[in-house]
Amino acid sequence: MAALEKILHVEDDADIREIAKIALEMIGGFDVHQCASGHDAIAVAEEYAPDLILLDVMMPVIGGEDTLRELRKISALDGVPAVFMTAKAHQKEKQALLDQGAKAVIVKPFDPTTLADEIRAIWDGQEA
């Protein structure tokens, strides 16, 4: 498997985007492109060509689940692993997201000091 370098992060909350950017770029060393909405992500995803998509579940207008369904319609992104981030931590809700094709679910609030390591572990096929 190729190295994980580029992450498309989709999150409507500006504070969470900033924390995640610091965690993933400064601590993790990833190239991160952030979008504030699902529509923005759909518009830029093919050109950005991410190795991994990190999606907030609950966003206005188009949520993370619908965003992922739309991204999967873009042939170049069909096999790109997706990870959901959500405050809904119940196993039933996490399982529903996994059943929709997510590789993993990260529960908010996340630890900024370990987020990059969690993402790497998911990428490597280990449980986060």
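Proximity of Asp51 to Val80: side-chain heavy atoms (C-beta onward) are nowhere separated by under 4.5 Å. Side-chain contact between Phe84 and Leu68 is present, with heavy atoms from C-beta onward closer than 4.5 Å. Residues Val32 and Leu54 fail the side-chain proximity criterion, which asks for heavy atoms closer than 4.5 Å. Contact of the Val57 side chain with the Glu65 side chain is registered, since non-hydrogen atoms from C-beta on lie closer than 4.5 Å. Counting only heavy atoms from C-beta outward, the side chains of Thr67 and Met59 approach each other to under 4.5 Å. Using a 4.5 Å heavy-atom threshold, the side chains of Val107 and Lys94 count as touching. In this structure the side chain of Lys21 never reaches within 4.5 angstrom of the side chain of Met26, judged on heavy atoms. Between Asp31 and Ile7, the closest side-chain pair of non-hydrogen atoms is not below 4.5 Å.
To the nearest 0.5 Å, atom CZ of residue Phe30 and atom CD1 of residue Ile119 are 7.0 Å apart. Atom-to-atom distance recorded for Phe110:CZ and Thr86:OG1 is 12.5 Å, nearest 0.5 angstrom. How far NE2 of His9 is from CD of Glu25: 11.5 Å, rounded to the nearest 0.5 Å. Here CG of Leu77 is found 12.0 Å from OH of Tyr48. Values are rounded to the nearest 0.5 Å. Distance check: Leu97 CG to Leu55 CG gives 10.0 Å after rounding to the nearest 0.5 Å. Taken from CG in Leu24 to CD1 in Ile19, the straight-line distance is 11.5 Å, to the nearest 0.5 Å.
Proximity of a side-chain donor or acceptor of Arg120 to a complementary backbone N or O of Gly28 within less than 3.5 Å is detected. Using a distance-only test at 3.5 Å, with no hydrogens or angles considered, a donor-acceptor pair links the side chain of Ser37 to the main chain of Asp40. Without hydrogens or angle criteria, Arg17 side chain to Val10 main chain gives no donor-acceptor distance under 3.5 Å.
Within a 6.0 Å radius of CD in Glu47, no more than 12 heavy atoms belonging to other residues, nucleotides or ligands are found.
Follow the hydrophobic side-chain contacts under 4.5 Å out from Met58 and you reach Leu98 in the same cluster.
Closest of all the heavy-atom pairs between Val44 and Cys35 is CG2-SG, 3.6 Å. When all heavy atoms of Gln34 and Ala20 are compared, the pair lying nearest together is NE2-CB, 4.3 Å. Shown here for Pro112 and Ala23, the closest heavy-atom pair between the two residues is O-CB, 3.2 Å. The shortest non-hydrogen separation linking Ala45 to Leu71 is CB-CD2, 3.5 Å. In terms of heavy atoms, Lys103 sits closest to Ile122 at CE-O, 2.8 Å.
Under a 4.0 Å N-O distance rule, the pair Glu70/Lys73 qualifies as a salt bridge.
Applying the salt bridge (charged side-chain N to carboxylate O under 4.0 Å, His left out) definition to pairs two or more places apart or across chains, those involving residues 3-15 are Glu11-Lys108.
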